[in-house]
Amino acid sequence: MKLIEVLAKITPETILGNTDIDIEGVNIDSRMIKNGHLFIAEKGTQTDGHKFIGKAIENGAIAVLCETIPEDAPKEVTFVVVKDSEDAVGKVATQFYGDPTSKLELIGVTGTNGKTTIATLLYNMFRKFGYKVGLVSTVCNYIDDEPVPTSCTTPDPITLNQLLGRMADEGCKYAFMEVSSHSVAQKRIGGLKFRGGIFTNLTRDHLDYHKTFDNYLKAKKGFFDGLGKDSFALINLDDKNGKVMVQNTKAKVATYSIRTMADFKGKILEMGFEGMYLDINNREVGVSFIGKFNVSNLLAVYGAACLLGKKPEDILVVLSTLHSVNGRFDAVRSKEGVTAIVDYAHTPDALVNVLNAIHEVLRGKGEVITVVGAGGNRDKGKRPIMAQESAKLSDKVIITSDNPRFEEPQDIINDMLAGLNEDDMKRVISIVDRKEAIRTACLLAKPGDVILVAGKGHENYQDIKGVKHHFDDKEILLELFGL
């Protein structure tokens with residue numbers, strides 16, 4: 001593609017050099033640059049790409065998009081100057097990869113909790129409807145049935161457009177994507193056209209990055225502000241921030257709820273550890289999910305499928321066949337009758353949702369033992385809250401390590417313990433070694449009890465001092481249960 005075509009969606013302030021040159025690739029990482037590539041010097045939150053312009057040219061860049069031209073700029077390289085390089089990346093990537101979202105219907109899911117479950121269930125549902133479908137998710141990306149490994153919830157704009165471009169080229173009609181607050185704030189989704197957006201909920205998370213809850217809310221809202229009039233915005237009315245999300249949207253607004261009147265309304269008729277019987281818009285359906293939070297997730301899936309033109313009865317048939325996502329309320333039962341649940345819950349709200357769901361099924365007929373930690377180099381303010389909620393809703397709590405990263409595990413545990421009073425401490429012990437903590441929970445559990453191992457879910461590693469060591473909560477439980 002000619003450079004002039006690559007730049008079609010942006011308005012450069014200055015262009016120095018020839019734009020009638022063939023661009024073979026586009027990248028924001030100078031290490032990935034090859035001969036014939038365009039390098040975009042992005043002013044990111046961690047590093048400034050302008051520092052690597054020289055390295056990109058050494059590696060073969062024939063054009064550079066930047067905010068400031070370096071003093072020693074070689075004359076044979078074309079320089080394109082823009083006001084905001086971060087804003088330009090997504091638009092340039094979308095153009096280079098053939099505007100993939102004009103060829104498929106992209107649905108974005110945003111909120112603190114539930115993104116992975118909703119996006120993955122929609123992906124599974126529409127594949128069962130017979131479509132080729134793409135998924136962009138925390139757990140794994142998929143191009144129909146081909147897994148594409150992922151390292152973050154929403155990839156950088158280059159990787160994202162490349163992925164969506166492959167989906168379009170391989171005949172995917174739909175793509176379902178988790179949209180993180182970071183991706184909105186950093187304009188990673190710039191240039192993409194969304195057919196619809198889904199809002200789950202908003203509770204404390206990522207304040208290490210956003211600094212304030214208001215900034216976090218504005219980042220999520222920014223996604224809905226950007227939806228077009230041909231799109232839909234499906235919001236959870238049970239969260240007070242649902243209506244805030246769509247105050248300035250041009251999209252058609254639809255609602256779901258388990259508490260109040262909404263376009264898509266659900267309630268629990270029966271519940272056990274094997275699943276629930278639900279009423280959704282006056283139709284009954286059995287599902288293999290547990291908890292009110294999962295009723296909300298399923299309503300979002302049902303509502304989105306309806307808004308995409310599927311018949312309610314067909315949606316319910318498929319909904320009854322779907323199973324929970326890996327690491328989300330993932331239950332294992334021992335031969336002795338102890339139930340262990342692995343869940344990704346790593347925010348106070350998610351932890352409360354899972355523990356409440358366990359109590360709704362147990363009804364006082366067994367004890368709840370919770371194994372929980374908090375990640376290192378992340379929002380420290382939620383640590384004492386995580387411990388408080390665990391102690392409030394559990395009979396016994398074991399506080400342990402959970403991806404300490406570059407912090408000392410004991411320091412993180414101490415931050416959590418600081419939130420507990422004298423009465424709470426009677427039910428709490430701390431064990432730094434996560435495997436030993438899980439083993440202790442299994443030794444304490446009696447038949448009929450439930451162990452919740454929270455925080456890591458699908459993750460199969462512990463992140464310690466920059467190294468990811470293999471560690472899988474479910475794998476360890478199966479080993480300890482002799483299964």
*Side chain proximity check, Thr138 to Tyr344, heavy atoms < 4.5 angstrom*: yes
_Pairs meeting criterion side chain to side chain donor-acceptor pair (under 3.5 Å) with involvement of residues 302-320, two or more places apart_ = Tyr131-Lys310
*Quick one: do Phe96 and Asn161 satisfy side chain to side chain contact (heavy atoms under 4.5 Å, CB included)? Show the steps, please.*
CA-CA 9 Å; Phe96 183 78; Asn161 278 279; over 6 Å; no
*With Val354 as reference, evaluate Leu452, Asp349, Ile290 under the side chain to side chain contact (heavy atoms under 4.5 Å, CB included) test and give the passing residue.*
Leu452
*If you measure only the distance, is there a donor-acceptor pair under 3.5 Å linking the side chains of Asp29 and Asn27?*
no
_Can you tell me how far apart NE2 (His469) and CD1 (Ile464) are? Round to the nearest 0.5 Å._
4.5 Å
*With the side chain counted from C-beta on, respond yes when Tyr256 and Thr200 share a heavy-atom pair under 4.5 Å apart, and no when they do not.*
yes
*Between Met125 and Leu319, does a side chain to side chain contact (heavy atoms under 4.5 Å, CB included) hold up when you go through it step by step?*
CA-CA 7 Å; Met125 174 176 279; Leu319 210 59; 3.6 Å; yes
*Looking only at non-hydrogen atoms, find the nearest pair between Ile235 and Gly242 and report the distance.*
CD1-O, 3.4 Å
*Separation between NZ of Lys229 and NZ of Lys252, rounded to the nearest 0.5 Å*: 14.5 Å
*Have a look at Asn403 and tell me which of Lys468, Lys456, His346, Arg378 forms a side-chain hydrogen bond (donor to acceptor under 3.5 Å, both in side chains) with it.*
Lys456
*For Thr94 and Lys9, test the side chains for any donor-to-acceptor distance below 3.5 angstrom and give the result as yes or no.*
no
*For the side chain of Lys115 and the backbone of Val109, is there at least one donor-acceptor N/O pair under 3.5 Å apart?*
no
_Can you confirm whether Leu163 sits close enough to Ile143 that some side-chain heavy atom of one is under 4.5 Å from a side-chain heavy atom of the other?_
yes
*If you look at every heavy atom in Phe39 and Ile28, which pair is closest and at what distance?*
CE1-O, 3.4 Å
*So, do Tyr142 and Val133 sit near enough that their side-chain heavy atoms are less than 4.5 Å apart?*
no
*Please name the pair of heavy atoms, one in Leu122 and one in Ala305, separated by the smallest distance, quoted to 0.1 Å.*
CD2-N, 4.4 Å
*Decide if atom NZ of Lys193 counts as having more than 12 heavy atoms of other residues, nucleotides or ligands within a radius under 6.0 Å.*
no
_A side-chain contact here means heavy atoms from C-beta on lying under 4.5 Å apart; do Phe329 and Ile358 qualify?_
yes
*Does the side chain of Val89 come within less than 4.5 Å of Val92's, by heavy atoms?*
no
_Run the side chain to side chain contact (heavy atoms under 4.5 Å, CB included) test on Cys442 and Ile451 for me, step by step, so that the C-alpha distance in whole Å, both residues' side-chain angles and the decisive distance to 0.1 Å come before the verdict._
CA-CA 7 Å; Cys442 293; Ile451 299 166; 4.0 Å; yes
*asked:* Whether the side chain of Asn377 engages the backbone of Phe406 through a donor-acceptor N/O pair (distance < 3.5 Å, no angle test) should be reported.
replied: yes
_Glu178 and Ser137 side chains, donor-acceptor separation under 3.5 Å_ = yes
*Relative to each other, are the rings of Phe223 and Phe194 parallel, tilted or perpendicular (30° and 60° limits)?*
perpendicular
*Of the non-hydrogen atoms in Ala304 and Leu234, which two are nearest, and what is the gap between them?*
N-CD2, 3.5 Å
*Going through the checks in order, is the side chain to side chain contact (heavy atoms under 4.5 Å, CB included) test met by Val285 and Arg283?*
CA-CA 7 Å; Val285 62; Arg283 290 181 166 93; over 6 Å; no
_Residues, nucleotides or ligands: over 12 heavy atoms within 6.0 Å of Lys292 NZ_ = no
Name each donor-acceptor pair under 3.5 Å that joins a side chain in residues 259-278 to protein atoms two or more places apart or in another chain, with its distance.
unit_1: Arg259; atom_1: NH1; unit_2: Asp238; atom_2: O; d: 3.2
unit_1: Asp263; atom_1: OD2; unit_2: Thr255; atom_2: N; d: 2.9
unit_1: Asp263; atom_1: OD2; unit_2: Thr255; atom_2: OG1; d: 3.2

*Quick one: sort the Phe224 and Phe199 rings into parallel, tilted or perpendicular, breaks at 30° and 60°.*
perpendicular
_Can you give me the closest heavy-atom contact between Phe289 and Ser324, atom names plus distance?_
CE2-CA, 3.4 Å
_Is there a side-chain contact between Leu308 and Phe126 in this structure, where contact means two heavy atoms from C-beta onward sitting under 4.5 Å apart?_
yes
*SB check Asp473 Arg434 (cutoff 4.0 Å)*: yes
*Any salt bridge between Asp214 and Lys218, counting N to O under 4.0 Å?*
yes
_Can you confirm whether Val318 sits close enough to Phe129 that some side-chain heavy atom of one is under 4.5 Å from a side-chain heavy atom of the other?_
yes
_Treating Lys335 as the side-chain partner and Gly482 as the backbone partner, does any N or O pair qualify as donor plus acceptor under 3.5 Å?_
yes
*Using modelled atom types only, decide if a donor and an acceptor are shared between the side chain of Gln95 and the backbone of Glu5 within a distance under 3.5 Å.*
yes
*Examine distances only and state if a side-chain atom of Thr117 and a backbone atom of Gly114 form a donor-acceptor pair shorter than 3.5 Å.*
no
*asked:* Working to the nearest 0.5 angstrom, can you tell me the gap between Leu393 CG and His359 NE2?
replied: 5.0 Å
*Quick one: NE2 on His458 to CG on Asp343, what's the gap to the nearest 0.5 Å?*
11.5 Å
_Side-chain donor-acceptor pair present, Asn356, Asn353, cut-off under 3.5 Å_ = no
_Non-hydrogen atoms of Ala374 and Met416 that approach each other most closely_ = N-SD, 3.8 Å
*From Thr120, Asn113, Thr116, residue fulfilling side-chain hydrogen bond (donor to acceptor under 3.5 Å, both in side chains) relative to Arg328*: Thr116
*Roughly how far, to the nearest 0.5 Å, is CG of Leu477 from NZ of Lys435?*
11.0 Å
*Donor-acceptor contact below 3.5 Å, side chain Asn241 vs main chain Val244*: no
_Exactly one of Lys132, Arg127, Arg166 should register a salt bridge (Lys or Arg N to Asp or Glu O under 4.0 Å) with Asp144. Which one does?_
Arg127
_Whether the Lys474 and Asn326 side chains hold a donor-acceptor pair (N or O, under 3.5 Å, no angle test) is what I'd like checked._
no
_Atom pair NZ (Lys221) and CE (Met245), whose distance is rounded to the nearest 0.5 Å_ = 8.0 Å
*Please determine which of Asn236, Asn294, Asn281, Ile280 meets the side chain to side chain contact (heavy atoms under 4.5 Å, CB included) test together with Leu299.*
Ile280
